[in-house]
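Below is one structure, written out as C-alpha coordinates; comments come after it.
Remember, it's 1-based here, ligands and their atoms both numbered in the order they're listed. Quick note: residue numbers are just sequence positions, from 1. Just so it is clear, the model here is predicted, and its values are computed rather than measured. Heavy-atom basis, side chains included; hydrogens, waters and symmetry copies ignored.
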Amino acid sequence: MRMYDIIQKKRDGEALTEAEIRWFIDGYVKGEIPDYQAAALCMAIYFRGMNLEETSALTFAVRDSGERLDFSDIKGLRVDKHSTGGVGDKTSLVVAPIVASLGVKVAKMSGRGLGHTGGTIDKLESIDGFKTDIPVEEFKGIVNDIGIAIVGQNAELAPADKLLYALRDVTATVDSLPLIVSSIMGKKLAADDDCIVLDVKTGSGSFMKTPEKSRELAEWMVEIGKRAGKRMRALITDMDRPLGNAIGNSLEVIEAINTLKGEGPADLTELCIALAAHILELAEKGTYQECEEMAKKAISSGIALQTFANMAKAQGGNAEWILRPENFPKAKYSYTVKAQESGYIVGVDTESYGVASLLLGAGRNTKEDVIDPTAGIYLLAKTGDRVEIGTPIATLYSGKESGFAAAEERLLKATRISSQKPKDEPLILDVVE
Ligand code: URA
(Lines give C-alpha, C1' and ligand atoms only; values in the text may rest on other atoms or scores of the structure.)
Protein backbone atom coordinates (compact mmCIF):
# COMPACT_ATOMS: atom_id res chain seq x y z
CA MET A 1 0.00 0.00 0.00
CA ARG A 2 1.04 3.62 -0.52
CA MET A 3 0.01 6.52 1.72
CA TYR A 4 -0.24 8.70 -1.39
CA ASP A 5 -3.01 6.45 -2.80
CA ILE A 6 -4.94 6.46 0.49
CA ILE A 7 -4.82 10.28 0.69
CA GLN A 8 -5.90 10.57 -2.95
CA LYS A 9 -8.78 8.13 -2.48
CA LYS A 10 -10.17 10.09 0.48
CA ARG A 11 -9.50 13.41 -1.22
CA ASP A 12 -11.71 12.20 -4.09
CA GLY A 13 -14.49 11.25 -1.68
CA GLU A 14 -14.14 7.47 -1.80
CA ALA A 15 -14.55 5.20 1.22
CA LEU A 16 -11.38 3.65 2.64
CA THR A 17 -11.24 -0.07 3.41
CA GLU A 18 -10.59 -1.43 6.89
CA ALA A 19 -7.20 -2.73 5.68
CA GLU A 20 -6.19 0.74 4.42
CA ILE A 21 -7.25 2.40 7.68
CA ARG A 22 -5.35 -0.15 9.82
CA TRP A 23 -2.28 0.17 7.57
CA PHE A 24 -2.31 3.94 8.05
CA ILE A 25 -2.70 3.80 11.86
CA ASP A 26 -0.08 1.10 12.20
CA GLY A 27 2.44 2.95 10.00
CA TYR A 28 1.80 6.29 11.70
CA VAL A 29 2.34 4.88 15.21
CA LYS A 30 5.54 3.16 14.06
CA GLY A 31 6.83 6.47 12.67
CA GLU A 32 6.85 5.14 9.11
CA ILE A 33 4.27 7.64 7.87
CA PRO A 34 5.35 11.28 8.24
CA ASP A 35 3.20 13.94 9.91
CA TYR A 36 2.63 15.81 6.63
CA GLN A 37 0.93 12.81 5.03
CA ALA A 38 -1.11 12.05 8.16
CA ALA A 39 -2.13 15.75 8.26
CA ALA A 40 -3.18 15.62 4.60
CA LEU A 41 -5.34 12.57 5.31
CA CYS A 42 -6.94 14.29 8.36
CA MET A 43 -7.79 17.30 6.19
CA ALA A 44 -9.25 15.02 3.49
CA ILE A 45 -11.34 13.28 6.17
CA TYR A 46 -12.38 16.71 7.52
CA PHE A 47 -13.77 17.74 4.11
CA ARG A 48 -14.98 14.38 2.74
CA GLY A 49 -16.09 12.74 6.01
CA MET A 50 -16.22 9.02 6.64
CA ASN A 51 -19.16 6.64 6.66
CA LEU A 52 -20.05 4.64 9.78
CA GLU A 53 -18.09 1.58 8.62
CA GLU A 54 -14.92 3.60 8.04
CA THR A 55 -15.36 5.45 11.35
CA SER A 56 -15.86 2.17 13.14
CA ALA A 57 -12.71 0.72 11.52
CA LEU A 58 -10.74 3.85 12.45
CA THR A 59 -11.99 3.66 16.06
CA PHE A 60 -11.00 0.00 16.45
CA ALA A 61 -7.61 0.68 14.84
CA VAL A 62 -6.98 3.51 17.34
CA ARG A 63 -8.13 1.22 20.19
CA ASP A 64 -5.74 -1.53 19.05
CA SER A 65 -2.77 0.81 18.47
CA GLY A 66 -1.38 0.23 21.99
CA GLU A 67 -1.99 -1.66 25.19
CA ARG A 68 -5.54 -2.83 25.95
CA LEU A 69 -6.37 -2.89 29.63
CA ASP A 70 -7.82 -5.92 31.37
CA PHE A 71 -10.08 -5.02 34.29
CA SER A 72 -11.42 -8.56 34.73
CA ASP A 73 -9.87 -8.80 38.21
CA ILE A 74 -12.04 -5.87 39.35
CA LYS A 75 -15.04 -7.50 40.98
CA GLY A 76 -18.47 -6.31 39.82
CA LEU A 77 -19.83 -4.29 36.93
CA ARG A 78 -17.51 -1.49 35.75
CA VAL A 79 -18.93 1.78 34.48
CA ASP A 80 -17.48 4.85 32.84
CA LYS A 81 -18.81 8.29 32.01
CA HIS A 82 -17.26 10.58 29.43
CA SER A 83 -17.96 14.14 28.39
CA THR A 84 -17.06 15.45 24.95
CA GLY A 85 -15.70 18.57 26.67
CA GLY A 86 -17.17 21.76 28.02
CA VAL A 87 -16.72 24.80 30.25
CA GLY A 88 -17.41 24.43 33.98
CA ASP A 89 -18.12 20.73 33.40
CA LYS A 90 -17.23 19.09 36.70
CA THR A 91 -19.88 16.34 36.49
CA SER A 92 -17.38 13.45 36.74
CA LEU A 93 -16.36 14.66 40.21
CA VAL A 94 -19.98 14.36 41.35
CA VAL A 95 -21.36 11.47 39.30
CA ALA A 96 -18.49 9.02 39.84
CA PRO A 97 -18.69 9.12 43.68
CA ILE A 98 -22.52 8.89 43.57
CA VAL A 99 -22.59 5.72 41.45
CA ALA A 100 -19.60 4.17 43.25
CA SER A 101 -21.34 4.71 46.58
CA LEU A 102 -24.24 2.69 45.16
CA GLY A 103 -22.17 -0.37 44.35
CA VAL A 104 -20.99 -0.04 40.74
CA LYS A 105 -17.26 0.08 40.14
CA VAL A 106 -15.74 3.24 38.66
CA ALA A 107 -12.32 2.57 37.12
CA LYS A 108 -11.96 5.86 35.31
CA MET A 109 -9.24 7.27 33.12
CA SER A 110 -9.64 10.97 32.44
CA GLY A 111 -7.91 13.67 30.48
CA ARG A 112 -6.41 17.10 31.06
CA GLY A 113 -7.78 20.41 29.84
CA LEU A 114 -7.88 20.80 26.08
CA GLY A 115 -8.10 24.24 24.46
CA HIS A 116 -10.90 26.18 26.14
CA THR A 117 -12.27 23.08 27.91
CA GLY A 118 -11.24 21.89 31.37
CA GLY A 119 -10.07 18.38 32.30
CA THR A 120 -10.89 16.17 35.29
CA ILE A 121 -7.23 15.32 35.98
CA ASP A 122 -6.20 18.98 36.31
CA LYS A 123 -9.14 19.52 38.66
CA LEU A 124 -8.31 16.55 40.89
CA GLU A 125 -4.67 17.65 41.10
CA SER A 126 -5.79 20.85 42.82
CA ILE A 127 -6.52 18.66 45.89
CA ASP A 128 -3.49 18.61 48.23
CA GLY A 129 -1.41 15.47 47.51
CA PHE A 130 -3.88 13.84 45.08
CA LYS A 131 -2.00 11.51 42.70
CA THR A 132 -3.39 10.81 39.24
CA ASP A 133 -0.38 8.92 37.93
CA ILE A 134 -0.88 5.52 39.55
CA PRO A 135 0.35 2.17 38.17
CA VAL A 136 -2.47 0.03 36.73
CA GLU A 137 -2.23 -2.75 39.35
CA GLU A 138 -2.49 -0.24 42.23
CA PHE A 139 -5.34 1.54 40.42
CA LYS A 140 -7.30 -1.72 40.12
CA GLY A 141 -6.59 -2.49 43.80
CA ILE A 142 -8.09 0.88 44.85
CA VAL A 143 -11.19 0.22 42.73
CA ASN A 144 -11.59 -3.21 44.34
CA ASP A 145 -11.13 -1.77 47.84
CA ILE A 146 -13.24 1.38 47.75
CA GLY A 147 -15.16 1.13 44.47
CA ILE A 148 -13.62 4.10 42.67
CA ALA A 149 -10.39 5.55 41.33
CA ILE A 150 -9.81 8.27 38.74
CA VAL A 151 -6.40 8.44 37.10
CA GLY A 152 -4.78 9.99 34.05
CA GLN A 153 -4.64 8.24 30.73
CA ASN A 154 -2.07 5.42 30.70
CA ALA A 155 0.73 6.42 28.29
CA GLU A 156 0.52 3.07 26.47
CA LEU A 157 -3.22 3.42 25.85
CA ALA A 158 -4.30 4.30 22.28
CA PRO A 159 -0.98 5.98 21.27
CA ALA A 160 -2.43 6.64 17.80
CA ASP A 161 -4.86 9.09 19.38
CA LYS A 162 -2.10 10.95 21.20
CA LEU A 163 -0.23 11.47 17.92
CA LEU A 164 -3.33 12.27 15.88
CA TYR A 165 -4.76 14.62 18.47
CA ALA A 166 -1.57 16.68 18.64
CA LEU A 167 -1.56 16.82 14.85
CA ARG A 168 -5.24 17.80 14.58
CA ASP A 169 -4.75 20.48 17.21
CA VAL A 170 -2.30 22.33 14.96
CA THR A 171 -3.90 21.62 11.57
CA ALA A 172 -7.47 22.84 12.26
CA THR A 173 -8.93 19.34 12.02
CA VAL A 174 -10.24 18.84 15.57
CA ASP A 175 -13.93 19.41 14.87
CA SER A 176 -14.47 16.54 12.44
CA LEU A 177 -17.11 14.00 13.43
CA PRO A 178 -15.27 10.77 12.43
CA LEU A 179 -12.04 12.06 13.97
CA ILE A 180 -13.77 12.97 17.27
CA VAL A 181 -15.64 9.64 17.40
CA SER A 182 -12.49 7.60 16.80
CA SER A 183 -10.46 9.70 19.25
CA ILE A 184 -12.92 9.43 22.14
CA MET A 185 -14.16 5.89 21.56
CA GLY A 186 -10.71 4.55 20.62
CA LYS A 187 -9.49 5.55 24.09
CA LYS A 188 -12.64 4.46 25.92
CA LEU A 189 -12.66 1.03 24.30
CA ALA A 190 -8.98 0.42 25.10
CA ALA A 191 -10.01 0.50 28.78
CA ASP A 192 -12.16 -2.38 29.96
CA ASP A 193 -15.51 -1.08 31.22
CA ASP A 194 -18.90 -2.76 30.80
CA CYS A 195 -21.14 0.33 30.56
CA ILE A 196 -20.32 3.75 29.13
CA VAL A 197 -22.54 6.83 29.45
CA LEU A 198 -21.54 9.73 27.23
CA ASP A 199 -22.34 13.36 27.91
CA VAL A 200 -22.32 14.87 24.43
CA LYS A 201 -22.21 18.63 24.70
CA THR A 202 -23.81 20.95 22.21
CA GLY A 203 -23.60 24.71 21.71
CA SER A 204 -21.09 27.53 21.84
CA GLY A 205 -18.81 25.92 24.44
CA SER A 206 -18.57 22.51 22.78
CA PHE A 207 -16.74 21.07 19.78
CA MET A 208 -20.11 20.38 18.07
CA LYS A 209 -22.02 23.64 17.85
CA THR A 210 -25.47 22.40 16.73
CA PRO A 211 -27.84 19.82 18.29
CA GLU A 212 -28.05 18.00 14.91
CA LYS A 213 -24.27 17.51 14.75
CA SER A 214 -24.13 16.53 18.43
CA ARG A 215 -26.91 13.98 17.90
CA GLU A 216 -25.05 12.42 15.00
CA LEU A 217 -21.88 12.29 17.10
CA ALA A 218 -23.83 10.66 19.96
CA GLU A 219 -25.50 8.10 17.67
CA TRP A 220 -22.24 7.03 16.08
CA MET A 221 -20.41 6.72 19.40
CA VAL A 222 -23.27 4.68 20.88
CA GLU A 223 -23.40 2.41 17.80
CA ILE A 224 -19.64 1.81 17.74
CA GLY A 225 -19.56 1.16 21.50
CA LYS A 226 -22.30 -1.43 21.06
CA ARG A 227 -20.38 -3.08 18.23
CA ALA A 228 -17.53 -3.48 20.74
CA GLY A 229 -19.92 -5.21 23.16
CA LYS A 230 -20.47 -2.32 25.58
CA ARG A 231 -23.73 -1.18 27.14
CA MET A 232 -24.00 2.38 25.83
CA ARG A 233 -26.10 5.49 26.29
CA ALA A 234 -25.55 9.16 25.45
CA LEU A 235 -27.15 12.34 26.74
CA ILE A 236 -27.08 15.45 24.60
CA THR A 237 -26.70 18.40 26.93
CA ASP A 238 -26.54 22.14 26.62
CA MET A 239 -23.17 23.90 26.51
CA ASP A 240 -24.54 27.25 25.33
CA ARG A 241 -23.80 28.39 28.89
CA PRO A 242 -21.16 27.18 31.34
CA LEU A 243 -22.32 24.42 33.67
CA GLY A 244 -22.74 25.63 37.25
CA ASN A 245 -21.08 28.85 38.38
CA ALA A 246 -17.44 27.86 38.81
CA ILE A 247 -14.87 27.68 35.99
CA GLY A 248 -11.30 26.76 36.95
CA ASN A 249 -9.74 23.88 38.80
CA SER A 250 -10.06 24.26 42.59
CA LEU A 251 -13.15 26.45 42.16
CA GLU A 252 -14.79 23.56 40.29
CA VAL A 253 -13.73 20.96 42.86
CA ILE A 254 -15.28 23.10 45.61
CA GLU A 255 -18.50 23.43 43.58
CA ALA A 256 -18.54 19.65 43.03
CA ILE A 257 -18.12 19.10 46.78
CA ASN A 258 -20.99 21.52 47.47
CA THR A 259 -23.12 19.59 44.97
CA LEU A 260 -22.29 16.33 46.76
CA LYS A 261 -23.49 18.06 49.95
CA GLY A 262 -26.79 18.93 48.25
CA GLU A 263 -25.84 22.61 48.04
CA GLY A 264 -24.80 22.84 44.39
CA PRO A 265 -26.21 25.01 41.60
CA ALA A 266 -29.51 23.73 40.15
CA ASP A 267 -28.22 23.03 36.61
CA LEU A 268 -25.19 21.07 37.75
CA THR A 269 -27.25 19.10 40.26
CA GLU A 270 -29.90 18.26 37.64
CA LEU A 271 -27.34 16.97 35.14
CA CYS A 272 -25.35 14.99 37.72
CA ILE A 273 -28.46 13.23 39.03
CA ALA A 274 -29.55 12.42 35.46
CA LEU A 275 -26.14 11.07 34.43
CA ALA A 276 -25.90 9.00 37.62
CA ALA A 277 -29.43 7.62 37.11
CA HIS A 278 -28.67 6.62 33.50
CA ILE A 279 -25.46 4.87 34.58
CA LEU A 280 -27.26 3.03 37.38
CA GLU A 281 -30.09 2.01 35.05
CA LEU A 282 -27.58 0.67 32.49
CA ALA A 283 -25.98 -1.25 35.36
CA GLU A 284 -29.43 -2.76 36.11
CA LYS A 285 -29.80 -1.22 39.54
CA GLY A 286 -33.49 -0.47 38.93
CA THR A 287 -35.86 1.57 36.77
CA TYR A 288 -34.78 5.09 35.79
CA GLN A 289 -37.04 6.61 38.50
CA GLU A 290 -35.68 4.25 41.15
CA CYS A 291 -32.11 5.04 40.11
CA GLU A 292 -32.83 8.77 40.25
CA GLU A 293 -34.13 8.40 43.81
CA MET A 294 -31.07 6.33 44.75
CA ALA A 295 -28.76 9.03 43.37
CA LYS A 296 -30.58 11.78 45.30
CA LYS A 297 -30.40 9.72 48.48
CA ALA A 298 -26.67 9.11 48.03
CA ILE A 299 -26.29 12.89 48.21
CA SER A 300 -28.70 13.56 51.10
CA SER A 301 -27.24 10.72 53.21
CA GLY A 302 -23.68 12.02 52.76
CA ILE A 303 -22.44 8.66 51.43
CA ALA A 304 -21.45 10.05 48.01
CA LEU A 305 -19.35 12.82 49.61
CA GLN A 306 -17.70 10.28 51.92
CA THR A 307 -16.90 8.13 48.83
CA PHE A 308 -15.17 11.13 47.23
CA ALA A 309 -13.16 11.64 50.45
CA ASN A 310 -12.25 7.91 50.49
CA MET A 311 -11.04 8.14 46.88
CA ALA A 312 -8.95 11.24 47.68
CA LYS A 313 -7.34 9.44 50.64
CA ALA A 314 -6.66 6.25 48.63
CA GLN A 315 -4.99 8.33 45.91
CA GLY A 316 -2.71 10.12 48.37
CA GLY A 317 -4.85 13.25 48.72
CA ASN A 318 -5.87 15.14 51.83
CA ALA A 319 -9.44 13.92 52.52
CA GLU A 320 -9.91 16.77 55.01
CA TRP A 321 -10.04 19.15 52.04
CA ILE A 322 -13.04 17.23 50.66
CA LEU A 323 -14.93 17.25 53.94
CA ARG A 324 -13.93 20.87 54.68
CA PRO A 325 -13.37 22.67 51.37
CA GLU A 326 -12.52 25.93 53.16
CA ASN A 327 -9.02 24.33 53.32
CA PHE A 328 -8.45 24.95 49.58
CA PRO A 329 -6.00 27.86 49.13
CA LYS A 330 -7.56 31.04 47.74
CA ALA A 331 -6.21 32.90 44.74
CA LYS A 332 -3.86 35.74 45.61
CA TYR A 333 -5.89 38.28 43.63
CA SER A 334 -9.54 38.72 42.72
CA TYR A 335 -11.41 41.20 40.55
CA THR A 336 -15.12 41.87 40.07
CA VAL A 337 -16.55 42.22 36.55
CA LYS A 338 -19.61 44.48 36.40
CA ALA A 339 -22.38 44.72 33.79
CA GLN A 340 -21.92 47.64 31.39
CA GLU A 341 -25.62 47.81 30.44
CA SER A 342 -29.00 46.96 31.94
CA GLY A 343 -31.26 44.13 30.79
CA TYR A 344 -31.38 40.34 30.71
CA ILE A 345 -28.42 38.16 29.89
CA VAL A 346 -29.84 36.53 26.76
CA GLY A 347 -26.87 34.38 25.85
CA VAL A 348 -23.13 33.94 26.19
CA ASP A 349 -20.30 32.68 24.03
CA THR A 350 -19.30 29.85 26.34
CA GLU A 351 -16.03 29.16 24.53
CA SER A 352 -14.89 32.73 25.29
CA TYR A 353 -15.67 32.19 28.97
CA GLY A 354 -13.39 29.14 28.82
CA VAL A 355 -10.65 31.18 27.15
CA ALA A 356 -11.03 33.97 29.75
CA SER A 357 -10.46 31.40 32.49
CA LEU A 358 -7.41 30.11 30.61
CA LEU A 359 -6.03 33.67 30.44
CA LEU A 360 -6.24 33.85 34.23
CA GLY A 361 -4.03 30.74 34.52
CA ALA A 362 -6.61 27.94 34.78
CA GLY A 363 -5.59 26.31 31.48
CA ARG A 364 -2.62 25.93 29.17
CA ASN A 365 -1.64 27.91 26.10
CA THR A 366 1.20 25.49 25.42
CA LYS A 367 1.69 21.92 26.61
CA GLU A 368 4.47 23.11 28.95
CA ASP A 369 2.36 25.73 30.79
CA VAL A 370 1.86 25.14 34.50
CA ILE A 371 -1.70 25.54 35.73
CA ASP A 372 -2.61 27.85 38.61
CA PRO A 373 -5.10 25.67 40.54
CA THR A 374 -6.68 28.70 42.24
CA ALA A 375 -7.33 30.61 39.00
CA GLY A 376 -10.70 30.88 37.32
CA ILE A 377 -14.06 32.58 37.24
CA TYR A 378 -17.05 32.45 39.56
CA LEU A 379 -20.20 33.54 37.73
CA LEU A 380 -22.57 35.75 39.70
CA ALA A 381 -25.11 36.11 36.85
CA LYS A 382 -25.97 33.66 34.07
CA THR A 383 -28.22 33.45 31.01
CA GLY A 384 -31.77 34.50 31.97
CA ASP A 385 -30.72 36.73 34.88
CA ARG A 386 -31.60 40.44 35.03
CA VAL A 387 -28.69 42.81 35.58
CA GLU A 388 -28.34 46.60 35.90
CA ILE A 389 -25.34 48.74 34.96
CA GLY A 390 -22.77 48.05 37.69
CA THR A 391 -24.25 44.70 38.82
CA PRO A 392 -21.37 42.29 39.54
CA ILE A 393 -21.62 39.47 36.99
CA ALA A 394 -18.45 37.52 37.78
CA THR A 395 -15.47 37.36 40.12
CA LEU A 396 -12.14 36.61 38.49
CA TYR A 397 -9.43 34.78 40.47
CA SER A 398 -5.74 34.53 39.67
CA GLY A 399 -2.27 34.33 41.15
CA LYS A 400 -1.27 37.29 38.95
CA GLU A 401 -3.09 40.54 38.29
CA SER A 402 -1.85 40.90 34.72
CA GLY A 403 -4.56 38.67 33.18
CA PHE A 404 -7.57 40.52 34.61
CA ALA A 405 -7.97 43.17 31.89
CA ALA A 406 -7.93 40.71 28.98
CA ALA A 407 -10.21 38.24 30.79
CA GLU A 408 -12.68 41.00 31.67
CA GLU A 409 -12.77 42.23 28.08
CA ARG A 410 -13.44 38.71 26.77
CA LEU A 411 -16.12 38.06 29.33
CA LEU A 412 -17.98 41.30 28.65
CA LYS A 413 -17.77 40.80 24.89
CA ALA A 414 -19.05 37.25 25.27
CA THR A 415 -22.09 38.28 27.36
CA ARG A 416 -25.13 39.42 25.35
CA ILE A 417 -27.57 41.68 27.22
CA SER A 418 -31.00 42.67 25.90
CA SER A 419 -34.31 44.03 27.18
CA GLN A 420 -36.24 40.83 26.32
CA LYS A 421 -36.14 38.02 28.89
CA PRO A 422 -34.95 34.90 27.04
CA LYS A 423 -37.02 31.74 27.19
CA ASP A 424 -35.79 28.92 29.41
CA GLU A 425 -33.93 26.27 27.41
CA PRO A 426 -33.71 22.66 28.63
CA LEU A 427 -30.37 21.45 29.92
CA ILE A 428 -30.83 17.86 28.68
CA LEU A 429 -31.89 17.95 25.05
CA ASP A 430 -32.05 14.25 24.22
CA VAL A 431 -31.07 10.74 25.23
CA VAL A 432 -29.62 8.34 22.65
CA GLU A 433 -29.97 4.67 23.58
N1 URA B 1 -12.00 14.83 23.17
C2 URA B 1 -11.16 13.87 22.67
O3 URA B 1 -10.60 13.07 23.41
N4 URA B 1 -10.96 13.85 21.34
C5 URA B 1 -11.56 14.70 20.47
O6 URA B 1 -11.34 14.58 19.30
C7 URA B 1 -12.42 15.68 21.01
C8 URA B 1 -12.63 15.72 22.37
Side-chain angles (χ1 to χ4, degrees), residues 21 25 28 38-39 41-43 45-46 49-50 54-56 58-63 65-66 69 80-92 108-123 132 150-191 193 196-210 213-222 224-225 228 232 234-237 239 243 350-351 354-355 358 363-364 367:
I21 291 169
I25 290 294
Y28 189 45
L41 183 61
C42 285
M43 193 55 90
I45 293 171
Y46 180 92
M50 278 183 145
E54 292 174 282
T55 307
S56 174
L58 183 59
T59 304
F60 296 149
V62 170
R63 174 196 65 187
S65 65
L69 297 177
D80 196 2
K81 173 244 150 215
H82 184 82
S83 155
T84 57
V87 177
D89 181 7
K90 67 283 288 175
T91 51
S92 290
K108 187 161 171 49
M109 296 201 159
S110 291
R112 294 192 180 275
L114 195 67
H116 68 280
T117 67
T120 301
I121 292 304
D122 293 329
K123 291 170 202 177
T132 57
I150 305 180
V151 295
Q153 209 87 48
N154 178 327
E156 313 306 322
L157 207 79
D161 179 59
K162 255 175 224 100
L163 294 172
L164 278 174
Y165 202 95
L167 191 70
R168 289 163 59 211
D169 209 16
V170 292
T171 54
T173 49
V174 170
D175 45 348
S176 147
L177 191 131
L179 295 178
I180 295 178
V181 170
S182 54
S183 164
I184 292 179
M185 292 306 291
K187 285 184 291 240
K188 289 284 117 182
L189 297 178
D193 290 297
I196 304 173
V197 169
L198 300 165
D199 181 5
V200 179
K201 303 289 186 191
T202 194
S204 61
S206 66
F207 290 116
M208 290 286 140
K209 307 287 184 205
T210 66
K213 276 275 159 214
S214 301
R215 178 164 240 289
E216 208 181 344
L217 179 67
E219 283 173 350
W220 284 31
M221 290 200 289
V222 165
I224 290 170
M232 298 291 304
L235 274 65
I236 300 171
T237 72
M239 197 23 83
L243 188 61
T350 312
E351 182 169 337
V355 174
L358 193 146
R364 298 178 187 82
K367 273 202 314 217

- request: List, ordered by chain and residue number, the protein residues whose closest non-hydrogen atom lies under 4.0 Å from any atom of ligand 1.
  value: Thr84, Tyr165, Arg168, Ile180, Ser183, Ile184, Lys187, Phe207
Residues which pass side chain to side chain donor-acceptor pair (under 3.5 Å) with Thr173, listed by chain and number, not counting sequence neighbours: Thr171
query: Which residues satisfy the side chain to side chain donor-acceptor pair (under 3.5 Å) test with Asp122, sequence neighbours excluded?
result: Arg112, Arg364
Between OG1 on residue Thr350 and CG on residue Asp89, distance to nearest 0.5 Å: 12.0 Å
query: Which residue pairs pass the salt bridge (Lys or Arg N to Asp or Glu O under 4.0 Å) test when at least one of the two sits in residues 160-186, sequence neighbours left out?
result: Asp161-Lys187
query: Take atom OH in Tyr46; do more than 12 heavy atoms of anything else shown fall under 6.0 Å from it?
result: no
message: Assess whether a salt bridge exists between Lys188 and Asp80, defined as any Lys/Arg side-chain N lying under 4.0 Å from an Asp/Glu carboxylate O.
response: yes
